[in-house]
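I am attaching a structure below and will ask some questions about it afterwards.
First the proteins, then the strands, lettered A, B, ... as listed; each starts at 1. Reckoned from all heavy atoms, side chains included, excluding hydrogens, waters and symmetry mates.
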Protein chains: 2
Amino acid sequence: MLDAHGPPSLKSLAAALGLSAATVSRVLSGQAERYRISRATRDRILAQAASSGLVVNHLARSLRLQRTLSIGLVIPDISNPFFAMLAREVERSARRHGYSVLIADSEEDPAVEAQALALMQQRHVDGLILAPVGTPAAVASLSALGARPCVLIDRLLPELALPAITSDHRAGAALAVAHLIERGHTRIACVQGSPGTFANDERVAGWRGALSEARLPAGPELVVGGGYSIDAGRRAARALLQRAERPTAVVALGNLLALGVLQAVHEARLAVPADLSLIGFDDQPWASVVDPPLTLIEQPIEQLGREALALLLERIGGDAAPAARRTLPVRLIERASVRDLRSGDRPLPPARSPQGTP
Amino acid sequence: MLDAHGPPSLKSLAAALGLSAATVSRVLSGQAERYRISRATRDRILAQAASSGLVVNHLARSLRLQRTLSIGLVIPDISNPFFAMLAREVERSARRHGYSVLIADSEEDPAVEAQALALMQQRHVDGLILAPVGTPAAVASLSALGARPCVLIDRLLPELALPAITSDHRAGAALAVAHLIERGHTRIACVQGSPGTFANDERVAGWRGALSEARLPAGPELVVGGGYSIDAGRRAARALLQRAERPTAVVALGNLLALGVLQAVHEARLAVPADLSLIGFDDQPWASVVDPPLTLIEQPIEQLGREALALLLERIGGDAAPAARRTLPVRLIERASVRDLRSGDRPLPPARSPQGTP
DNA sequence: CAGCGTTGCACAATCGATTGCGCAATTCAA
DNA sequence: TTGAATTGCGCAATCGATTGTGCAACGCTG
């Protein structure tokens, strides 16, 4: 504690002890042995540091060491539960490894993303985890990152040889479609997210592939929507519901989209799955208690976050292995938003008591 | 572009132009006028900076200026939609003002929170927005922040004279209880979040106050739960449902808690609001499509975020006004999770078509 | 007691940007 | 032609921590 003029710094502590900053630095960074600092001196320094609540200035340290022990995380929308959970996992893993995380929200907008990347560059993050918006412009701005290690997550940029961790979007969508086909659906639409982004396009491709294989229609008129917001999902679903030839099932390629579809169906005084079957993406806490409980494709979000961080730290560590791309498996969680058209009109398995009867 | 040895720095650019770093610095920071740099020189520098893609080293700049243009945000759980939305709003506002945000998740744990605060200190954030865990230990670690401006959000620490922005938790809970009483409920339980945190205790107080005023039971046996997670909500609700004298209504003091209650009710093959009425907190996208659509207390999340940031920037700017505390009004959104006990058994207003009838 | 090795720590340069002060060169007036 | 005023920019210290090198003081041996 002593007399604290200004913020406690390594330097001021040294002065108070009549030592040089060099010695204090070496002790505090655990280099006492290597530089043969006497035990007595070391203890004095440690004691003083503890009692004065010294916190070394990370800015100065980073400047000198040329690394900040921080990483950047750029995602399209932190308020989307998928990315929120991803952020939580990345932050938590990073913390365990002594890194802190600078989060930026690109708002699914290439311009904002470019800004965010510039920010990351000027803040000198040691590495970057990025869910890219994915347009050519964004790709260009990516090069501004220089040689900073970068790992893509959820979405990848085929043009760039960057390591990436994604879940198997294509297989996920195909799985959803297969599930529907099995249950007698033949007219299956899809509510997409942001076209041009990898995750979306892969899912659309999976949807189309599964339908084509079954010789079912998969034309562009069955692909609606644009953007991952609830509103986008609702608007797309509204349009779909007004069509003369209404599809019997919809695959919503995002968790918020599925919510939007549900809202639109409710608005129209229709019901899922009676009037329309629905399969969503990403398991979320609310997915099991919405009306009806949502059948969906689950991605291993925690694993995505952890592996991305691990991969990034490897890169930062210098292991410039060839740009690995890992694709994580997904699975279908069956609940009650899909109607079985084969066996007449029987309702779905977990038929809960309808409200109103005590 | 030229010959780039090492990362482009202000210094290297100066060398390439045969100028001093001082001049370049002054031009780049818009101080050309003040220091009477000739137009020709200025243009040369600007051109070169643009073409070389120079990004000034923010670490060095911060070290020299003693400010980082960054703020810290410490919240208990980024994956909770309430805090995710708050984070998004804070980040967005901060970006508009030229600040970036360092986010840390305290996991509702005083020890982790203390770590996070230490991190913020060593990273030299210019200011801090904090939703404190609220225990005495946390309060103590707060003092480690030194004189750094700090604004509390969502929760406040009565012991500390810090500015704070919170919504009117107490009135919110009271509003919920009043709504239930009006509809004939007399046995109203409450599923709380983390006891000891301001938001929770205020809400419990509001719940209790409204009940006491109506001379209805508000004993501790009607307050269940602990923690803001879904699981906590589910466990609390399970216990409640097994009681001999089951309450007719529950107020869940958090959005995830309401979800947990719903899950527990569904598990028990019961229904809301037939068997149990429910009012939650925080409007969320899924709240209108769960089964049943949730009646709840809405907080002005965006406003909370924006005002907290504005208040913090004022503080950073030096306006050391007395620690203002703003309480933002909340409102009740009526949907369909409350049963009206006065008029027999008639179901609720937005009676949607039960599933299974096409 | 001289000489050599060891122990324990300080000096000073460095990371990159900022800024008060001051110096040279130019212009203008007398 | 000289002195003063102005223009245009560089010098060097500074922020705080890190690290290679160097220099005393000490102990030991012969």
Side-chain angles (χ1 to χ4, degrees), chain A residues 4-46 48-49 52-70 121-124 126 146, chain B residues 4-46 48-49 52-70 121-124 126 146:
Chain A
H5 300 316
S9 73
L10 182 155
K11 202 185 281 189
S12 68
L13 190 151
L17 252 38
L19 293 170
S20 77
T23 302
V24 176
S25 169
R26 296 197 245 251
V27 167
L28 291 186
S29 57
Q31 310 253 51
E33 305 290 295
R34 209 155 88 63
Y35 287 95
R36 298 175 317 200
I37 309 296
S38 70
R39 179 163 227 82
T41 304
R42 174 182 14 173
D43 292 346
R44 276 206 309 151
I45 292 177
L46 256 23
Q48 183 65 214
S52 69
L54 174 64
V55 173
V56 298
N57 187 320
H58 204 270
L59 292 170
R61 184 169 213 275
S62 299
L63 180 59
R64 183 61 232 259
L65 294 182
Q66 301 288 43
R67 48 186 207 132
T68 54
L69 285 180
S70 67
Q121 190 184 8
Q122 76 167 20
R123 299 273 167 165
H124 285 243
D126 292 341
Chain B
H5 301 314
S9 73
L10 182 155
K11 202 186 280 188
S12 68
L13 191 152
L17 253 39
L19 293 170
S20 77
T23 303
V24 176
S25 170
R26 294 196 250 250
V27 167
L28 291 185
S29 57
Q31 309 253 52
E33 305 290 295
R34 208 156 89 63
Y35 287 95
R36 298 176 316 201
I37 310 296
S38 70
R39 178 163 229 83
T41 303
R42 175 185 10 177
D43 291 347
R44 275 206 312 151
I45 292 177
L46 256 22
Q48 183 65 216
S52 68
L54 174 65
V55 174
V56 299
N57 187 320
H58 203 270
L59 292 169
R61 182 168 216 276
S62 299
L63 180 60
R64 183 62 233 260
L65 294 182
Q66 301 288 44
R67 50 183 207 136
T68 55
L69 286 179
S70 67
Q121 191 185 8
Q122 76 168 18
R123 299 274 166 165
H124 285 243
D126 293 341

Rounded to whole angstrom units, what separation is found between the CG atom of N57(B) and the C1' atom of dT18(C)?
-> 13 Å
Counting just side-chain N and O atoms, does T41(B) come under 4.0 Å of either OP1 or OP2 of dC9(D)?
-> yes
Identify which nucleotide among dG10(D), dC15(D), dA17(D) has an atom closest to any side-chain atom of T23(B), counting heavy atoms from C-beta outward.
-> dG10(D)
Integer-rounded Å distance: dA17(D) P and Q31(A) CD | 16 Å
Can you check whether L19(A) reaches R44(A) side chain to side chain, under 4.5 Å on heavy atoms?
-> yes
Interatomic distance, R34(B) CZ vs dC9(D) P [rounded to whole Å] | 16 Å
So how far is it from Q48(B) CD to L17(B) CG, rounded to the nearest 0.5 Å?
-> 5.5 Å
Nearest to the side chain of R64(B), which nucleotide is it out of dA17(C), dG10(D), dG8(D)?
-> dA17(C)
Report yes if the side chains of R123(B) and T68(B) come closer than 4.5 Å at any heavy-atom pair, otherwise no.
-> no
Which residue, R36(B) or R39(A), contacts DNA chain C at a nucleotide closer to its 5' end, judged by nearest heavy atom?
-> R39(A)
Looking only at dC15(C), dA17(C), dG8(D), the nucleotide nearest the Q66(A) side chain is dC15(C)
How close or far is atom C1' of dC15(C) from atom CG of L65(A), stated in whole angstroms?
-> 9 Å
Presence of S25(A) side-chain N/O under 4.0 Å of dT19(D) phosphate oxygens OP1/OP2 = no
With side chains defined as the heavy atoms from C-beta onward, is the minimum distance between R42(B) and E33(B) less than 4.5 Å?
-> yes
Sugar-phosphate only, base, or nothing, as touched by L28(B) at under 4.0 Å among non-hydrogen atoms = nothing
Identify which nucleotide among dA17(C), dA17(D), dG10(D) has an atom closest to any side-chain atom of A60(A), counting heavy atoms from C-beta outward.
-> dA17(D)
How is S62(A) classified with respect to the nucleic acid when contacts are heavy atoms under 4.0 Å: base, sugar-phosphate, or nothing?
-> nothing
K11(A) atom NZ is separated from dC11(C) atom P, nearest whole Å, by 13 Å
L63(B) or R42(B): which one's nearest nucleotide on DNA chain D is closer to the 5' end?
-> R42(B)
Could you state the CG-C1' distance from L19(A) to dT18(D), rounded to the nearest angstrom?
-> 16 Å
Return the value, rounded to whole Å, for the distance between atom NE2 of H58(A) and atom P of dC15(D).
-> 21 Å
Taking only side-chain nitrogens and oxygens of Y35(A), does any of them come within less than 4.0 Å of OP1 or OP2 of dG20(D)?
-> yes
Under 4.0 Å between a side-chain N/O of S20(A) and OP1 or OP2 of dC11(C), yes or no?
-> no
Does any non-hydrogen side-chain atom of H58(B) lie less than 4.5 Å from one of L69(B)?
-> yes
To the nearest Å, how far apart are R26(B) CZ and dT18(C) P?
-> 11 Å
